[in-house]
Amino acid sequence: MTMRAGVVVVGGGVMGTSIACHLARAGVRDVVLVERDELASGSTSKAAGGVRAQFSDELNIQLGARSLEAFARFEEDTGYDIGLHRVGYLFLLSTPEDVASFEAGVRLQNSLGVPSRLIDPAAARRLSPLISTDGLLAAAFSPDDGHCTPEAVVHGYAAAARRHGATIRRHCELTGIERHGDDITAVMTSRGRIATDTVICAAGAWSRAVGAMAGVDLPVEPLRRQIAVTEPVEGLPPDLPMTIDFTTSLYFHTEGPGLLVGMSDPEERPGFATDTHDRWIPRLGAAMEQRAPALLDLRRTGGWAGLYELTPDHNALIGEATSVSRFLYATGFSGHGFLQGPAVGEVVRDLYLGRVPFVDVSPLSVGRFAADALRPEANRV
């Protein structure tokens with residue numbers, strides 16, 4: 001394969017396909033997306049599928065809210081049913097510090113049009129009857145949040161990108177980026193050379209290696225996270241919200257007739273391993289016993305492991321490199337990339353075209369680390 005592209009997007013997950021779709025819809029010619037495996041085969045297919053605007057960072061609230069709007073009209077825009085369930089996100093809060101933090105978050109979210117609110121433990125249990133309220137001080141809930149199917153979003157964006165003229169190359173691994181001085185001239189792939197002057201890195205947990213090919217340091221670190229799926233649960237309310245015990249990070253939402261269950265594991269070490277193991281199960285069981293003891297009786301019927309893409313302040317990297325011409329990036333989302341994919345695709349399109357995006361993402365540029373201007377996101381799992 002020898003070809004020319006106006007822009008090469010690296011990565012066939014939600015971020016890459018959203019960016020390719022938004023560029024192609026805007027009339028950008030010769031958009032080429034390269035994916036070393038199948039579409040959605042990386043972190044996107046392993047995501048829990050939650051979509052929300054309940055964040056502590058104003059930019060994340062805006063990106064989440066804009067994406068929720070896009071998810072709501074996704075089937076109309078692309079023809080793909082993404083299984084969107086707008087059942088809300090319910091954060092369970094057990095410490096005065098967390099309550100104060102979420103109170104401030106709710107005020108900020110409300111000022112930006114997000115209908116979140118603090119509720120008492122009894123109201124939280126009415127929404128999510130599998131929980132115990134012992135030790136619970138309050139909860140934060142937003143009815144506009146929910147969950148959907150990540151793979152369907154990717155394939156919907158990919159199909160729309162193709163309809164608007166983009167080319168998607170699967171089983172096409174990026175192996176190098178050619179430069180002449182500060183200018184990108186081509187990318188090398190396992191299927192040949194593609195002449196281009198623009199590369200957009202949307203490679204998720206693998207972004208640091210892509211950045212290094214262009215001489216750009218993207219401080220992204222992979223970390224394994226695991227998810228379990230349970231047997232069918234009798235009497236599950238159809239509107240059960242995505243429920244997160246903020247202290248332990250235990251979360252669950254409906255998955256077919258059963259539940260999808262996950263939590264963070266502080267014993268995990270950075271790396272690209274995605275095999276499953278049971279070392280996290282005792283910690284999971286302890287969290288269930290404390291906050292949702294009804295889950296302890298459920299049999300696990302499946303599960304998987306995937307990679308988070310972490311940055312030092314657990315917030316995204318979005319922007320354009322200053323050290324090399326026309327190298328853009330959207331990565332490092334630290335667990336909230338899937339849910340921001342629609343809005344970030346829009347933002348990166350505008351950065352590429354030299355337009356002013358709907359939100360100023362310059363504080364999320366990689367330069368913030370050198371400038372000691374960290375931008376931590378508190379509402380993460």
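The residues of the chain are indexed from 1 along the displayed sequence.
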For the residue pair [X] and [Y], what are the closest heavy atoms and their distance?
{"X": "Ala228", "Y": "Trp280", "result": "N-CH2, 4.1 Å"}
{"X": "Arg163", "Y": "Asp77", "result": "NH2-O, 4.2 Å"}
{"X": "Leu353", "Y": "Ala26", "result": "CD1-CB, 4.0 Å"}
{"X": "Arg86", "Y": "Ala72", "result": "NH1-CB, 3.5 Å"}
{"X": "Val324", "Y": "Arg179", "result": "CG2-NE, 3.8 Å"}
{"X": "Ala305", "Y": "Asp275", "result": "CB-O, 3.8 Å"}

Give a yes or no on whether the backbone of [Y] and the side-chain of [X] come within a donor-acceptor separation of less than 3.5 Å.
{"X": "Thr196", "Y": "Thr198", "result": "yes"}
{"X": "Ser101", "Y": "Asp98", "result": "no"}
{"X": "Ser190", "Y": "Glu173", "result": "yes"}
{"X": "Glu178", "Y": "Thr185", "result": "no"}
{"X": "Thr175", "Y": "Met188", "result": "yes"}
{"X": "Ser67", "Y": "Ala343", "result": "yes"}
{"X": "His164", "Y": "Ala160", "result": "yes"}
{"X": "Thr167", "Y": "Val32", "result": "no"}
{"X": "Glu231", "Y": "Arg299", "result": "yes"}

Could you measure the distance from the [atom1] atom of [X] to the [atom2] atom of [Y]? Nearest 0.5 Å is fine.
{"X": "Glu320", "Y": "Phe327", "atom1": "CD", "atom2": "CZ", "result": "10.5 Å"}
{"X": "Met263", "Y": "Arg291", "atom1": "CE", "atom2": "CZ", "result": "12.5 Å"}
{"X": "Arg225", "Y": "Leu223", "atom1": "CZ", "atom2": "CG", "result": "6.0 Å"}
{"X": "Asp197", "Y": "Ile184", "atom1": "CG", "atom2": "CD1", "result": "8.0 Å"}
{"X": "Arg107", "Y": "Leu118", "atom1": "CZ", "atom2": "CG", "result": "9.0 Å"}
{"X": "Leu328", "Y": "Leu317", "atom1": "CG", "atom2": "CG", "result": "13.0 Å"}

Between [Y] and [X], is there a side-chain heavy-atom distance shorter than 4.5 Å?
{"X": "Leu236", "Y": "Leu259", "answer": "yes"}
{"X": "Ser116", "Y": "Asn110", "answer": "yes"}
{"X": "Leu284", "Y": "Arg300", "answer": "no"}
{"X": "Val210", "Y": "Leu218", "answer": "no"}
{"X": "Val366", "Y": "Thr311", "answer": "no"}
{"X": "His336", "Y": "Leu63", "answer": "no"}
{"X": "Thr276", "Y": "Gln226", "answer": "yes"}
{"X": "Thr254", "Y": "His85", "answer": "no"}

Show me the pairs that pass side chain to side chain donor-acceptor pair (under 3.5 Å) and involve residues 365-376, at least two apart or across chains. Asp57-Arg375, Asp313-Arg368

Where at least one partner belongs to residues 259-274, residue pairs that pass side chain to side chain donor-acceptor pair (under 3.5 Å), sequence neighbours excluded: Arg224-Glu268, Ser249-Ser264, Glu267-Arg283, Glu268-His277

Could you check whether Glu35 and His171, counting side-chain N and O atoms only, form a donor-acceptor pair closer than 3.5 Å? no

Have Ser56 and Glu377 got a donor and an acceptor in their side chains that come within less than 3.5 Å? yes

Heavy atoms of other groups near [X] [atom1], more than 12 under 6.0 Å:
{"X": "Arg170", "atom1": "CZ", "answer": "no"}
{"X": "Glu289", "atom1": "CD", "answer": "no"}
{"X": "Arg29", "atom1": "CZ", "answer": "no"}

Please check if [X] and [Y] belong to a single hydrophobic cluster, counting links between Ile, Leu, Val, Met, Phe, Trp and Tyr side chain heavy atoms closer than 4.5 Å.
{"X": "Leu68", "Y": "Val359", "value": "yes"}
{"X": "Leu351", "Y": "Val199", "value": "no"}
{"X": "Ile200", "Y": "Leu39", "value": "yes"}
{"X": "Val229", "Y": "Val87", "value": "no"}
{"X": "Ile82", "Y": "Val14", "value": "yes"}

Considering the options Ser334, Pro312, Pro270, which one meets the side chain to side chain contact (heavy atoms under 4.5 Å, CB included) requirement together with Glu221? Pro270

Sort and list the pairs that fulfil salt bridge (charged side-chain N to carboxylate O under 4.0 Å, His left out) and have at least one residue in residues 118-131, not counting sequence neighbours. none

For side-chain contact (heavy atoms from CB on, under 4.5 Å), just list the numbers for Asp245 and Ser94, CA-CA rounded to whole Å, side-chain angles, deciding distance to a tenth of an Å, and then say yes or no. CA-CA 8 Å; Asp245 183 44; Ser94 304; 4.1 Å; yes

Side-chain donor/acceptor pairs under 3.5 Å, residues 129-145, sequence neighbours excluded:
residue	atom	partner	partner atom	Å
Ser132	OG	Asp134	N	3.2
Asp145	OD1	Ala53	N	3.1
Asp145	OD2	Gln54	NE2	3.1

Criterion side-chain contact (heavy atoms from CB on, under 4.5 Å) on Gln109 and Asn379, from CA distance to verdict: CA-CA 12 Å; Gln109 293 153 22; Asn379 295 5; 4.1 Å; yes

Checking Val51 against Leu84 for the side-chain contact (heavy atoms from CB on, under 4.5 Å) test, could you report, in this order, the C-alpha distance in whole Å, the side-chain angles of both residues, the deciding distance, and whether it holds? CA-CA 9 Å; Val51 293; Leu84 178 62; 4.1 Å; yes

Evaluate Trp206 against Leu307 for side-chain contact (heavy atoms from CB on, under 4.5 Å), listing each step before the verdict. CA-CA 10 Å; Trp206 298 267; Leu307 296 176; 3.7 Å; yes

Can you list every ring-ring contact (aromatic ring centres under 6.0 Å, His included) pair that touches residues 213-265, not counting sequence neighbours? Phe102-Phe246, His147-His253

Can you tell me which residue pairs pass the ring-ring contact (aromatic ring centres under 6.0 Å, His included) test with a partner in residues 337-373, sequence neighbours excluded? Phe71-Phe338

